[in-house]
Amino acid sequence: MLGVCYYPEHWPEAMWADDAKRMAELGLSYVRIGEFSWSAVEPEPGRFDWGWLDRAVETLGKAGLKIVMGTPTATPPKWLVDRSPDILPYDAYGRPRRFGSRRHYCFSSETYRAESRRITEAFAARYGRHAAVAGWQTDNEYGCHDTVRSYSPAALAAFRVWLRARYGDVAALNEAWGNRFWSMEYRSFDEIDLPMEAVTELNPSHRMDFFRFASDQVVRFNAEQVEIIRRHSPGRFVTHNFMGAFLDFDHFKVCETLDLASWDSYPLGFTDSLPMTGFSEAERARYAQTGHPDISAFHHDLYRGVGRGRWWVMEQQPGPVNWALWNPSPAPGVVRLWAWEALAHGAEVVSFFRWRQAPFAQEQMHAGLNRPDNVLDAGGHEAREVARELGNDWWQEALRAPATSAPVALVFDYEAVWMHTIQPQGRSFSSLALTFAWYTALRRLGVDIDIVAPGANLSGYRAVFVPSLPHVSAAAARAFAAYDGVIMFGIRTGAKTESFRIPANLPPGPLQDILPFKVARVESLRPGTTRDVLWGNRTYACGTWSETIEPREGVDVVAAFASGGPAFVHSGQRFYLGVWPTRELALDVAQHALSLAGISTNVLPEDVRMRRRGRITFAFNFGSDSRIAPSEASARYVLGAQTIAPHSFSAWKT
Ligand code: GAL
């Protein structure tokens with residue numbers, strides 16, 4: 001269940017056999033190669049140098065390793081850029097983004113699409129049926145370095161085609177976008193520009209369609225590679241390595257043609273440097289060497305959903321990275337904790353990035369399992385420990401048992417993120433931070449969570465949380481109406497139509513059938529200003545966002561604002577909270593909803609998180625003090641003990 005990312009082209013051939021032998025000895029079974037190898041494989045247009053890659057594949061295969069072959073399209077070679085500069089992506093100021101790093105291509109470039117098909121076909125035809133090749137990775141991290149939304153001439157042409165297909169005639173587009181406003185009407189699709197460089201705010205409907213278009217271009221690009229690989233490589237899986245906290249395309253849609261999802265987990269970098277998670281400075285410092293307790297888990301749960309139950313960690317941080325604002329070491333034991341956390345959440349494989357730290361180029365300061373002098377580094381020792389532990393009977397048994405399904409679903413929508421990005425209506429509003437507020441509350445209550453797309457069948461869940469879903473599609477509305485469990489909706493749900501207008505009946509729009517109230521007004525709040533919510537004998541000082549709810553018959557008020565007016569309402573089992581919750585309010589609301597759903601919960605000790613797989617329950621301690629695991633008296637510990645050591649975990653059988 002372990003693997004590693006390897007770059008034979010970075011090392012003398014004389015090292016390969018020893019590398020392969022040591023990988024196998026360490027307990028690794030998979031090795032991913034090839035994803036940045038284009039210039040080494042095709043040094044000049046049409047002249048292929050397969051020899052070295054053939055020998056690398058043989059060497060790795062001979063050591064018993066299973067290969068995940070990457071298509072090299074994240075790094076088009078210089079000769080291709082010089083010959084066809086129209087492949088370059090453009091930034092939002094209309095400047096081409098040039099050669100010298102990676103991902104320098106535009107998803108809309110017809111030239112590049114043809115090149116992508118050509119090189120994919122060459123790789124797939126050569127290695128598709130090789131016995132050592134177990135699967136494929138398309139490209140590498142779509143969208144990394146802000147590359148989904150390109151403002152190139154190619155993107156402009158493709159956007160107009162996309163709009164024509166969506167609206168049919170331009171009058172329909174003018175109506176949908178509200179172009180009568182500020183005299184923005186168009187006479188033909190050919191007049192429409194990319195949303196860039198306007199004097200002030202662009203029409204949100206225009207931007208929203210551009211975001212959708214850009215996402216669709218990724219879906220199409222990926223599907224083309226998948227189709228070619230499947231033709232040449234029967235019986236092998238195809239995946240893509242998605243990113244953390246990256247939301248510029250719809251991952252559910254890209255994954256529809258893939259066999260499984262995979263993602264790249266860098267908990268320290270994400271905790272340190274991603275602004276949109278909403279982590280406080282204190283949390284970033286507290287978890288600087290472990291990663292925030294929810295950052296990996298959130299993505300594990302998300303990509304399990306994206307992959308329809310099948311997913312890997314394709315790249316696992318093994319030591320300090322090079323790209324965050326600050327790059328500390330993982331605390332001793334934490335690489336092992338991360339690997340087991342992923343496995344507990346259902347990962348099929350955890351693959352470390354990378355085998356050996358490169359002494360050159362952009363990532364020379366990025367640790368690997370081995371140091372540049374080829375001595376096994378701290379992360380390598382911990383990977384070996386995990387490999388040994390994986391042989392235990394209790395784990396083999398847990399893997400055979402049907403995976404227990406989570407009792408709680410959290411609905412996550414990429415379009416919701418785009419809508420909130422386009423129209424935050426207040427500087428502090430971050431879609432991901434709001435999602436984390438709910439996710440963290442549920443995790444602190446120790447429940448397992450599935451993350452699902454809107455419209456997913458909810459019938460198997462005891463409770464459902466919808467942090468925010470501005471546009472409620474017909475499919476999503478049907479799924480909510482059909483669901484008879486406890487469901488908790490958050491702010492701005494049902495607040496927009498598909499074309500980014502306020503619904504005629506006001507928010508929550510189509511949900512007024514099941515939630516009979518209107519949101520009459522919303523306000524965003526600057527830091528330090530709050531709206532107090534009273535519930536029982538508690539007062540919660542909520543910031544960031546607050547709504548004025550006008551209840552109709554059939555709605556009961558659970559909690560009200562101190563100034564009067566409902567803050568938390570319900571109609572039967574359907575709840576709506578009209579305020580951005582404080583940590584305490586999210587926790588209390590989540591506990592209230594779960595207890596109505598028949599799930600009894602306790603708040604876990606600080607820094608502790610849980611996850612079940614088969615009959616094994618894991619409790620992870622992200623803190624630097626020992627914690628007591630909340631196990632039943634009958635629990636039989638298989639790893640660790642009831643006192644969970646700092647930066648470690650315990651596991652028990654129930
Ligand atoms: C990932 C990427 C890898 C490597 C790694 C460094 O985003 O896929 O190629 O750059 O980050 O942390």
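Indexing begins at 1, ligand by ligand and atom by atom, following the structure's order. Keep in mind that this is a model prediction, so the values were computed, not measured. Along the sequence shown, residues are numbered consecutively beginning with 1.
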### Query
Is there side-chain contact between Phe298 and Phe412, with heavy atoms separated by less than 4.5 Å?
yes
### Message
Among Gln317, Glu141, Met314, His145, which one puts a heavy atom closest to atom 7 (O) of ligand 1?
### Response
Glu141
### Message
Can you confirm, on distance only, whether ligand 1 has an N/O atom lying under 3.5 Å from any N/O atom belonging to Glu35?
### Response
no
### Query
At a 4.0 Å threshold, what atoms of ligand 1 neighbour a non-hydrogen atom of Phe36?
9 (O)
#### Entry: Pair Asp91-Tyr151, side-chain donor/acceptor within less than 3.5 Å
no
### Arg113 to Phe221 six-membered ring, cation-pi geometry met (6.0 Å, 45°)
no
### Task
Would you mind finding which of Glu363, Gln362, Glu315 brings a heavy atom closest to atom 1 (C) of ligand 1?
Glu315
### Query
Which residue supplies the protein heavy atom nearest to atom 9 (O) of ligand 1, what is that atom called, and how far is it?
Arg102 NH1, 2.9 Å
### Query
So, do Gln317 and Ser265 sit near enough that their side-chain heavy atoms are less than 4.5 Å apart?
no
### Message
For atom 6 (C) of ligand 1, what is the closest protein heavy atom, and at what distance to 0.1 Å?
### Response
His366 NE2, 3.2 Å
### Enumerated ligand 1 atoms positioned under 4.0 Å from heavy atoms of Asp264
8 (O)
### Query
Between Pro234 and Arg129, is any pair of side-chain heavy atoms under 4.5 Å apart?
yes
#### Entry: Top protein contact for atom 5 (C) of ligand 1, by heavy-atom distance
Tyr266 OH, 3.3 Å
### Message
Any nitrogen or oxygen of Asn140 lying under 3.5 Å from a nitrogen or oxygen in ligand 1? Just yes or no.
### Response
yes
#### Entry: No-hydrogen, no-angle side-chain donor-acceptor test under 3.5 Å, Thr147 and Arg103
yes
#### Entry: Single hit among Arg118, Arg126, Lys78 for salt bridge (charged side-chain N to carboxylate O under 4.0 Å, His left out) with Glu42
Arg118
